[in-house]
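See structure below.
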Amino acid sequence: MNFIEELRWRGMIHDMSPGTEIELEKGMTSAYIGYDPTSDSLHIGNLASIMMLVHFQKAGHKPFALVGGATGMIGDPSGKSEERNLLDEDILRHNQNCIQKQLEKFLDFKCNPNPAEMVNNYDWTKEFSFLHFLRDVGKHITVNYMIAKDSVKNRMNSGTGISFTEFSYQLVQGYDFCWLFEHKNVRLQMGGSDQWGNIVTGTELIRRKLGGEAYALTCPLITKADGGKFGKTESGNVWLDPEKTSPYKFYQFWLNTSDEDAAQYVKKFTLFTKEQVDHLIAEHQLSPHLRILQKTLAKDITIRVHSEADYNAALEASELLFGKGNNESLKKLSEETLLSVFDGVPRSEVPASALKEGIDIIDFLSHETGIFSSKGEARRMIKEGGVQINKQKVIEDLRINETFLLNEKYMLVQKGKKNYHLIIKN
RNA sequence: GGGGAGAUUCCAGAGCGGUCAAAUGGGGCAGACUGUAAAUCUGUUGGCGUAGCCUUCGGAGGUUCGAUUCCUCCUCUCCCCA
């Protein structure tokens with residue numbers, strides 16, 4: 001199965017320029033995708049494009065990951081319109097290194113003959129003078145052409161307008177493609193469907209400036225069946241960096257996807273073959289309550305992004321918290337397992353002396369630990385049966401003391417079904 | 001510059017002198033059901049406490065026994081005519 005066919009059955013093609021498939025059939029081709037280096041970690045919103053590069057490399061082509069040190073400074077009008085800050089070079093390099101480390105989990109940067117390669121457009125942009133840019137790049141593209149782009153048009157019609165800087169964005173990105181075409185023989189740029197306009201400016205620039213033929217391929221935006229935005233939770237982005245999003249939370253994110261979404265995500269985010277995926281979906285439909293799709297999806301992605309050990313820990317934690325876990329099984333845990341299971345769960349400390357005397361449950365849940373922002377809220381939730389300590393529901397006139405401690409040091413407070421809080425005796 | 005409308009608890013949006021911590025809907029949170037789902041149903045959604053009290057309805061004053069509701073000024077938003 002070739003690259004395009006592979007993407008096609010996975011539903012990862014939104015649009016591509018004519019001739020792309022023929023070009024790829026000619027032999028090993030190079031393609032690139034750009035990443036924003038404004039953070040030192042990628043998030044799962046980047047996952048679809050990463051997978052495009054993975055499939056690309058697996059099909060025997062050479063993938064390039066570009067970090068947009070230069071473009072990141074300008075701000076792409078296709079996305080949100082907030083002003084961006086200039087990143088200084090040190091941070092930029094740091095972010096680039098972190099991003100490369102994450103990409104190494106997916107792409108092979110060492111294999112032959114098609115190792116992945118990382119580039120930073122800051123390298124060929126930083127010395128580029130304004131005049132030089134106007135003469136060398138701006139001359140080839142008409143303003144009429146640029147204005148016709150949806151991203152620009154929308155902003156021109158809106159009350160806020162568009163700054164010259166952001167207007168120029170497509171030229172800077174287009175120049176990247178041009179540069180890579182010339183110096184790295186890159187023939188194809190890929191990305192999310194929102195990047196189509198920018199990518200095509202690149203192919204246009206290549207045609208006019210270099211007389212070359214380059215191609216564009218985009219994948220659809222990842223959607224959720226309920227219309228919500230993919231990749232966001234109440235607590236923000238889901239990051240690939242375990243420091244920012246713990247493997248447990250990461251695993252939970254995928255486990256909690258809806259049936260429809262899971263079927264879509266298995267195709268897009270795992271490397272299972274078409275037969276395997278069809279089989280999984282069929283199996284899931286036979287017995288949806290087993291949630292085979294979600295479990296397989298969560299396992300596969302967690303292992304690839306983190307590790308087998310992280311997956312096992314996340315699984316263990318999940319079973320303990322949602323499955324057969326009860327007061328007894330909690331008490332049996334060693335301190336080490338306890339801490340690893342609740343890694344990433346919010347914590348607060350309580351002085352040993354207070355526990356010795358005993359604390360009123362309401363004070364304990366509000367002032368003492370900050371789990372609830374007011375006593376009323378704590379009281380209300382207890383009445384509703386929404387508070388558990390060490391997996392046992394609590395009542396209002398309870399006093400918390402040392403007998404509640406696990407391993408003589410910890411206490412697990414649960415607000416509702418999914419919100420855990422680890423209390424540590426200080 | 002002239003004329004008009006409005007600013008209410010997370011959002012939308014009622015209230016138009018006491019019965020208003022403030023209708024209703026949405027959202028959030030929780031409970032039941034369940035597959036750690038969806039749908040549905042129920043409860044809850046200022047603080048302290050559970051008698052009641054305290055701080056809230058753009059800001060500052062005023063009228064009144066009493067104001068979210070009336071008056072004055074200020075700030076901001078929107079609409080129409082120039």
Show the numbers, then the answer: is there a side-chain contact (heavy atoms from CB on, under 4.5 Å) between A/Arg10 and A/Met51? CA-CA 11 Å; A/Arg10 292 180 189 272; A/Met51 292 309 290; over 6 Å; no
What's the gap between [N] and [M] when it is taken at their [atom1] atoms, as a whole Å value?
N	M	atom1	value
B/C76	B/G31	P	47 Å
B/U72	B/G4	P	14 Å
B/C11	B/G62	P	30 Å
B/G13	B/A7	P	10 Å
B/G59	B/U69	P	11 Å
B/C65	B/G17	C1'	12 Å
B/A67	B/G61	C1'	14 Å
B/U63	B/G27	C1'	40 Å

Going by an N to O cut-off under 4.0 Å, is there a salt bridge joining A/Asp150 and A/Lys153?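 Salt bridge between A/Asp150 and A/Lys153, a charged N being under 4.0 Å from a carboxylate O: yes.
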Would you call A/Glu396 and A/Arg379 a salt bridge, using N to O less than 4.0 angstrom?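 Looking at A/Arg379 together with A/Glu396, the answer is yes, because their closest N to O distance falls below 4.0 Å.
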Without decimals, in angstroms, what is the distance between [X] [atom1] and [N] [atom2]?
X	N	atom1	atom2	answer
A/Ile371	B/A30	CD1	C1'	16 Å
A/Leu365	B/A30	CG	P	14 Å
A/Ile382	B/G49	CD1	C1'	15 Å
A/Lys224	B/A38	NZ	P	10 Å
A/Lys295	B/A37	NZ	P	13 Å
A/Leu290	B/U36	CG	P	10 Å
A/Arg379	B/A30	CZ	C1'	17 Å
A/Leu315	B/U36	CG	C1'	13 Å

Can a side chain N or O of A/Ser374 be found less than 4.0 Å away from OP1 or OP2 on B/C48?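 For B/C48, OP1/OP2 do have a side-chain N/O of A/Ser374 under 4.0 Å.
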Are A/Asn419 and B/A30 close enough that a side-chain N or O sits under 4.0 Å from OP1 or OP2?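 Yes, within the criterion.
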Between A/Asp363 and A/Lys415, which has a closest nucleotide on RNA chain B that is more 5'?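 The 5'-side residue here is A/Lys415.
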So which one's nearest nucleotide on RNA chain B is more toward 5', A/Glu377 or A/Lys417?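 Here A/Lys417 is the residue nearer the 5' end.
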Determine whether the aromatic ring centres of residues A/Phe130 and A/Phe164 are separated by less than 6.0 angstrom.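 No - the distance between ring centres of A/Phe164 and A/Phe130 does not fall below the 6.0 Å cut-off.
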Run the ring-centre check on A/Phe177 versus A/Tyr32 and record whether the distance is less than 6.0 Å.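 Close enough - the centres of the two rings lie under 6.0 Å apart.
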Can you list every stem that RNA chain B is part of, counting only runs of 3 or more consecutive Watson-Crick or G-U wobble pairs with both distances under 3.5 Å?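 Listed by first number, the stems are B:1-7 with B:75-81, B:10-12 with B:24-26, B:27-32 with B:40-45, B:46-48 with B:52-54, B:58-62 with B:70-74.
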Just checking, is any N or O donor in the side chain of A/Gln173 or A/Thr201 under 3.5 Å from an acceptor N or O on the other one?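 Checked: A/Gln173/A/Thr201 side chains show no N/O donor-acceptor pair below 3.5 Å.
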Would you please say whether a donor-acceptor pair under 3.5 Å links the side chains of A/Asn327 and A/Lys331?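 The answer is yes; a qualifying pair exists.
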Tell me what [X] touches on the nucleic acid: a base, only sugar-phosphate, or nothing, going by heavy atoms under 4.0 Å.
X	result
A/Leu255	base
A/Arg291	base
A/Ser287	nothing

Taking every non-hydrogen atom, the tightest pair across A/Arg399 and A/Phe404: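 Looking at all heavy atoms of both residues, the closest pair is O-CE1, 3.4 Å.
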Do the rings of A/Phe128 and A/Tyr175 sit parallel, tilted or perpendicular, given the 30° and 60° boundaries?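 Ring orientation, 0 to 90° scale: tilted.
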Evaluate the criterion side-chain contact (heavy atoms from CB on, under 4.5 Å) for residue pair A/Tyr265 and A/Ile301; output intermediate values, then yes/no. CA-CA 10 Å; A/Tyr265 298 165; A/Ile301 304 185; 5.8 Å; no
What nucleotide among B/G47, B/G35, B/C29 has an atom nearest to a side-chain atom of A/Pro288?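 In terms of side-chain proximity for A/Pro288, the closest of B/G47, B/G35, B/C29 is B/G35.
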Between B/U44, B/G35, B/G49, which one does the side chain of A/Glu384 approach most closely?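 Looking only at heavy atoms from C-beta outward on A/Glu384, the closest nucleotide is B/U44.
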Looking at the base of B/U36, is there any donor atom on it, or on the side chain of A/Gln252, that sits under 3.5 Å from an acceptor on the other one?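 For A/Gln252, whose side chain was compared with the base of B/U36, there is a donor-acceptor pair (under 3.5 Å).
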Return yes if the base of B/U50 and the side-chain atoms of A/Lys383 contain a donor-acceptor N/O pair under 3.5 Å, otherwise no.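 In this structure, the two groups form a donor-acceptor pair.
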Check ring pair (Phe, Tyr, Trp, His ring centres under 6.0 Å) between A/Phe364 and all other residues, then give those that pass, not counting sequence neighbours.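 Not a single residue meets the ring pair (Phe, Tyr, Trp, His ring centres under 6.0 Å) criterion with A/Phe364.
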Does anything in residues 386-397 of chain A come within less than 4.0 Å of RNA chain B? Heavy atoms only, and list the residues if so.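 By residue number: A/Gly386, A/Lys393, A/Glu396.
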